[in-house]
Each structure stands twice: as structure tokens, then as C-alpha cells.
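Some notes on the structure that comes next.
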Amino acid sequence: MVDKPLTGLAARLVVDQLIDEKTLRSALSQATKTKQPLSSYLIREKLLSAKDISVATAEEFGMPVMDLNAFDPENVPKNLIQEKLIRKHKLIPLIKRGTRLFVGVIDPSDHTAIDEIRFSSGLMVDSVMVEEDKLDKFIDQLLDSGFDALSNLDDDEFGNLEELEVGAVEDTDEEVAGGEDDDAPVVKFVNKMLLTAIKTGASDLHFEPYEKTYRVRFRTDGVLHETAKPPSGLAPRIASRLKIMSAMDISERRKPQDGRIKMRLSKSKSIDFRVNTLPTLWGEKIVLRILDPSSAQMGIDALGYEETQKEMYMEALHQPQGMILVTGPTGSGKTVSLYTGLNILNTPERNISTAEDPVEINLEGINQVNVNPKQGMDFSQALRAFLRQDPDIIMVGEIRDLETANIAIKAAQTGHMVMSTLHTNSAPETLTRLQNMGVPSFNIATSVSLIIAQRLARRLCSHCKEQKEIPKETLLEEGFTEAQIEGAKIFGPKGCDQCSKGYKGRVGIYEVVKITPALQQIIMEEGNSLQIAEIAQKEGFNNLRQSGLLKVLEGITSLEEANRVTLE
């Protein structure tokens with residue numbers, strides 16, 4: 001069958017030699033399947049930059065291109081276009097001259113959008129091409145009240161915090177529910193910390209009191225760094241403020257407490273924080289984990305699986321029964337891997353239940369249960385209840401004891417898909433951990449279908465990463481093969497205004513092991529983790545180290561970063 005000739009933007013991209021025709025046709029097919037514009041798909045899959053696409057689109061439609069970095073959101077015409085139209089059509093008003101309005105767009109072919117803007121504004125509308133990634137940031141900056149509030153807070157605004165009078169906290173539940181006293185410096189300071197953490201992409205915030213100092217640290221891309229040092233005398237007031245926001249008992253300072261905060265940034269966007277307090281020698285240390293629901297919606301392609309690893313995960317997900325175990329240290333991305341799998345399986349035809357401690361991300365269509373051992377609801381109790389509720393898929397937050405392990409394995413053997421986590425360092429150690437718990441080897445061999453061990457490595461900044469000259473002998477010592485070294489380009493961090501010390505974002509490094517007949521045999525023989533690892537290698541499954549080195553060869557991360565997360 002002869003392919004139809006390319007037209008419009010697709011043809012332009014090929015003619016301008018920005019992308020080859022075969023890749024473009026594949027992208028066009030995938031974009032159609034996922035019901036998204038071709039340009040958005042090309043940018044998301046990093047096949048083309050937003051700048052290349054905006055220039056090519058402008059040439060195709062005969063229109064000007066503008067750089068949004070040159071525009072100040074404060075100078076944008078206000079009250080001409082409703083917020084819902086801006087978000088619906090992904091466009092922005094830029095300049096108004098008399099009865100003419102210039103609007104930044106990413107899809108000039110969307111005539112419906114232009115007609116709606118013309119009707120709602122009563123002005124003549126001219127389209128101007130802008131880059132999609134810059135437009136997304138510009139819209140958030142313009143419309144999200146949370147970020148507007150942050151931009152109005154100067155770093156110097158809290159320079160007089162040492163002069164604050166430390167006294168009793170006068171916040172009430174009514175105040176928290178209905179609004180905040182923006183004149184209170186402690187309230188302002190806490191809000192600024194939360195908003196800054198969201199804006200900088202932090203995953204955790206640490207509020208830490210010491211004898212003579214107090215510090216706030218953010219974990220960004222897996223690494224902690226100090227952000228602020230308010231006066232140590234403010235420690236009780238900061239702790240009280242955070243405890244009130246998360247509905248904790250402010251009078252209880254001797255026991256750890258758990259809570260949650262929901263921060264609404266705009267009408268359409270909110271972020272949850274999981275909060276935990278810990279009594280220390282000099283006061284309560286409070287750690288907040290940022291729970292961004294969008295992290296569960298990224299899709300499996302964004303997580304960093306190698307193609308064969310992704311295929312194994314997808315195949316295991318669609319088995320009618322069996323157990324998928326995800327393993328790794330705290331903060332290695334296990335929850336996101338599990339939620340991504342659950343999102344794939346989340347259809348009206350399936351009954352999905354999860355038991356978590358605690359529930360981190362709310363997912364529509366999935367029955368999520370908070371485990372509470374104090375009230376008699378532990379993982380094993382939740383599992384028993386699930387099995388009486390006609391489940392198809394069960395997710396257990398963590399297998400911690402023999403009772404939970406046995407129930408989960410029985411469920412996996414009787415027609416259910418079970419997903420769970422274990423705190424072990426590798427896939428082979430996961431199997432021996434179950435054996436050490438007391439689970440019979442036969443049950444492990446016949447129920448576990450896939451094991452994923454994972455780590456998170458910092459991703460090299462695409463704007464400034466630079467090639468490193470590393471001796472061949474050193475690369476061989478690191479674990480690269482002769483074939484891999486041939487013509488290889490190794491990149492390292494440099495640092496620019498777009499990133500943090502040469503890194504921006506994180507990528508998963510995975511060891512995905514499918515339980516094959518050979519592995520079942522060694523499990524039945526109660527082989528140790530070294531023997532299991534040897535068989536896994538013979539079966540062709542990359543371990544974490546090998547997967548990390550592949551990410552280095554692909555220029556995704558640096559050798560130093562791969563060593564940091566994969567060398568035990």
C-alpha cells in the first residue's frame with residue numbers, strides 16, 4: 001500500500017530536512033492514536049525542539065515568530081480574553097493596538113480558537129507564532145495566582161525576620177479553612193517556601209531546628225541543598241504554622257505526627273503535601289513530600305525504561321494473574337512506577353484496589369485505602385477485605401511481613417494481578433528476601449512474574465552538557481565493553497542558567513527481570529541472590545549497573561551520576 005503524500009507542516013518539516021520522512025510518518029501515526037497535535041508529540045518525544053517547529057510552522061503559514069522571553073507578563077493586555085479560553089486553546093494575548101489584538105498561538109490552523117477570541121474580545125485578531133514550551137510557562141506565570149503571589153515576594157522581604165516577636169500562635173482552624181493572614185511574616189515565609197519548592201521542582205522540604213540555627217533544605221533532583229536560614233527563635237512558630245495547615249495537634253510535641261496540606265495554585269491546579277513531624281533535641285523537624293498528581297500521568301515512555309524493559313513491563317501488566325514487584329530504596333521512584341502501571345490498567349472493566357501507607361496520589365476510578373495499624377487496618381487486613389470484593393487488580397504499598405506476603409501470593413495464584421514493593425537493592429535480592437521471610441520457594445516461583453529494581457539518576461542538562469575525554473582503560477574498568485567504547489561519546493555536567501550544576505530533572509535506571517523457567521528452577525532449588533543474578537545475566541537481563549552505563553552512552557546522564565546511584 002502506497003503512503004499518502006505528506007502535506008502542510010509535516011511536509012515542511014521533511015522538506016526543511018529537520019526530520020526524515022520515516023520518523024515523521026511514525027510520529028504522525030502515534031500522534032493520531034494518542035489524539036494530540038503532531039507538533040506537541042514531536043516536542044514531547046524530543047524528536048524536534050519547540051523552536052524548530054515554531055519557525056517551520058511560521059514559514060508554512062506565512063506568519064511572524066515572536067520570542068516570549070522578550071515579553072513581560074505584567075505588560076500583557078488584561079481582561080480581554082477569559083482564562084478558560086486561554087487554557088482551552090493554549091494561546092495568549094500579547095499586544096493590543098487600537099482595535100487589533102495580536103495573539104501568540106502554537107496551532108495557526110485552529111480557526112475555531114481565533115473565531116472565539118474575536119467574538120469574546122470584539123477585536124480584530126492577528127496570530128503570531130510562539131514556542132510551545134515557552135507558551136506553557138508563560139500561561140502558568142500569567143494565570144496561576146500562586147506563582148503571581150510568589151513573584152511579589154522579594155528575597156529581601158524576610159530580611160527583618162530576626163526582629164519578629166516570638167510568641168503564641170494565634171491561628172485557628174477557621175482561618176486555615178477560609179484564608180491566611182498575609183500580614184503575618186511567619187505565614188508569608190512558610191507560603192514562600194512551599195511555592196518556591198513547587199516552582200523549582202523540589203520533591204521534599206526539610207524544616208530543621210538546631211541549638212543556635214534553623215535551616216530549610218529542599219531535595220531537588222534527589223540532592224538536598226540549603227535554601228533558607230531563618231532565626232532559630234522562629235522554630236516553634238514555623239512548626240505550629242505547618243501543623244495547623246496540615247490539621248495536626250499543635251499541643252503534641254513529643255510524638256511524631258502525620259498530616260497533609262492541599263495548596264491551590266489556581267482554579268485548575270492544586271498540589272498536595274504529605275507532612276511528617278519528628279521531635280528532635282532542639283524542636284520538631286518537619287519534612288514535607290510534594291505529591292504532584294501529574295507525576296502519575298507521565299506515561300511509561302517518560303520514565304526511562306529501555307525498549308525491551310518496557311515491553312516486559314507491559315506484557316506482565318496485561319497478564320490475567322501474577323505478581324509484579326518493584327524494589328529500591330526510599331525515593332527511587334517506586335510509587336511512580338506502580339501508579340503508571342495502574343493508570344494503564346485503569347479501565348471501567350477492571351476493579352482495582354490499593355492499600356497504601358499512606359495514599360500519596362489520588363487516582364480517579366481506583367479504590368484506595370489508607371492503612372492504619374492502630375485501628376486494626378494493616379496491609380494483611382486490607383488484602384483480606386479486597387479478596388471479598390471481587391478484585392481484578394490489587395496493589396499493596398509494601399510487603400513487610402510473612403502474613404502479607406502469603407496473602408498476596410495466594411491472590412496472585414488465584415486469578416488476580418498483584419503489584420507491590422519491597423525494600424531490597426536488586427531483583428535477585430528480592431527473591432531471597434521473600435525466602436528469608438518464610439515464603440515457600442514453590443509459591444515464589446509460581447506467583448512472581450516480574451521484578452523491577454530501580455534508581456533515579458539526575459538527567460544532564462540538554463543546554464549545557466559537554467563531552468568528556470575519558471581514557472579507554474578507565475571506561476573498561478567502569479564496566480563498559482570494548483564494543484560500547486568504540487566511537488562512544490561520554491558527556492558530563494557543566495552548568496548554566498537553565499539547570500542546577502549541570503543537571504535538570506531525573507531519569508529512571510532499571511533492572512527488569514522476567515521470571516523465566518530457568519529462574520523458576522533456581523528459585524525452587526533455593527539458590528542465593530548471586531546464583532539468581534548469574535542466571536538472570538545468562539537470560540539477557542541487564543542489571544542496574546549495566547542499565548546505568550547505557551544511560552551514560554546515550555548522553556542522558558553522566559558517569560559520575562551513574563556511579564553514585566548504581567555502585568553499592
Checklist entry - Hey, are Glu306 and Ser547 close enough side-chain-wise for a donor-acceptor pair under 3.5 Å? => result yes
Next on the checklist: Students often mix this up, so state it plainly: with edges at 30° and 60°, are the rings of Tyr305 and Tyr510 parallel, tilted or perpendicular?
Outcome noted: parallel
Next on the checklist: Is there a side-chain contact (heavy atoms from CB on, under 4.5 Å) between Val396 and Thr404? Walk through the geometry before answering.
Outcome noted: CA-CA 9 Å; Val396 187; Thr404 305; 4.1 Å; yes
Checklist entry - With a 4.5 Å limit on heavy-atom distance, are the side chains of Ser426 and Asn543 in contact? => result no
Next on the checklist: Could you go through Lys310 and Met314, starting from their C-alpha distance and side-chain angles, then the distance that decides it, and tell me whether this counts as side-chain contact (heavy atoms from CB on, under 4.5 Å)?
Outcome noted: CA-CA 6 Å; Lys310 184 180 80 170; Met314 293 295 289; 4.3 Å; yes
Next on the checklist: With heavy-atom distances below 4.5 Å as the criterion, would you say the side chains of Ile407 and Leu387 are in contact?
Outcome noted: yes
Next on the checklist: In the structure I gave you, are the side-chain heavy atoms of Ile509 and Gln454 within less than 4.5 Å of one another anywhere?
Outcome noted: no
Next on the checklist: Using a 3.5 Å distance criterion without hydrogens, assess whether the side chain of Lys465 forms a donor-acceptor pair with backbone atoms of Gly555.
Outcome noted: yes
Checklist entry - Would you call Phe218 and Leu224 a side-chain contact if the rule is heavy atoms closer than 4.5 Å? => result no
Checklist entry - Hey, does the side chain of Ser332 reach the backbone of Pro329 with a donor-acceptor pair shorter than 3.5 angstrom? => result yes
Checklist entry - Short question: side chain of Ser203, backbone of Arg219 - any donor-acceptor pair under 3.5 Å? => result yes
Checklist entry - With a 4.0 Å cut-off, would you call Asp272 and Arg260 a salt bridge? => result yes
Item to check | Pair Lys334 + Glu398: basic N to acidic O under 4.0 Å | outcome: no
Item to check | Nearest non-hydrogen partners of Val359 and Asn362, listed with the distance | outcome: CG1-OD1, 3.9 Å
Item to check | Lys255 and Asp249 ion-paired at < 4.0 Å | outcome: no
Item to check | Test item: side-chain donor near acceptor, Tyr503 and Ser558, under 3.5 Å | outcome: yes
Checklist entry - How close do Ala427 and Val513 get, heavy atom to heavy atom, and via which atoms? => result CB-CG2, 3.7 Å
Checklist entry - Ion pair present between Arg459 and Asp221, side-chain N to carboxylate O less than 4.0 angstrom? => result no
Next on the checklist: Is it the case that the side chain of His416 and the backbone of Gln321 share a donor-acceptor pair, with hydrogens and angles ignored and the cut-off at 3.5 Å?
Outcome noted: no
Next on the checklist: Using a 3.5 Å distance criterion without hydrogens, assess whether the side chain of Thr277 forms a donor-acceptor pair with backbone atoms of Gln257.
Outcome noted: yes
Checklist entry - Is the closest side-chain heavy-atom distance between Leu234 and Phe189 below 4.5 Å? => result no
Checklist entry - Without hydrogens or angle criteria, can the side chains of Asn343 and Thr340 be said to hold a donor-acceptor pair below 3.5 Å? => result no
Checklist entry - Just checking, any donor-acceptor pair under 3.5 angstrom between side chains of Gln537 and Gln546? => result yes
Item to check | Donor on one side chain, acceptor on other, Ser449 and Gln319, under 3.5 Å | outcome: no
Checklist entry - Of the non-hydrogen atoms in Lys243 and Glu252, which two are nearest, and what is the gap between them? => result NZ-O, 3.0 Å
Next on the checklist: With a 3.5 Å distance limit and no angle check, can you tell me whether Glu561 reaches the backbone of Arg458 through a side-chain donor-acceptor pair?
Outcome noted: yes
Item to check | Donor on one side chain, acceptor on other, Thr424 and Thr327, under 3.5 Å | outcome: yes
Next on the checklist: Check Glu478 with Arg545, please: is the shortest side-chain N to carboxylate O separation under 4.0 Å?
Outcome noted: yes
Item to check | Chi angles and distances behind the side-chain contact (heavy atoms from CB on, under 4.5 Å) call for Leu550, Asn542 | outcome: CA-CA 10 Å; Leu550 284 175; Asn542 283 342; 3.4 Å; yes
Checklist entry - Backbone N or O of Gln309 within a donor-acceptor pair of the Lys514 side chain at under 3.5 Å? => result no
Checklist entry - So which heavy atom on Asp392 is nearest to which on Asn351, and how close? => result OD2-N, 2.7 Å
Next on the checklist: Any carboxylate oxygen within less than 4.0 angstrom of a Lys/Arg side-chain nitrogen, looking at Arg384 and Glu403?
Outcome noted: yes
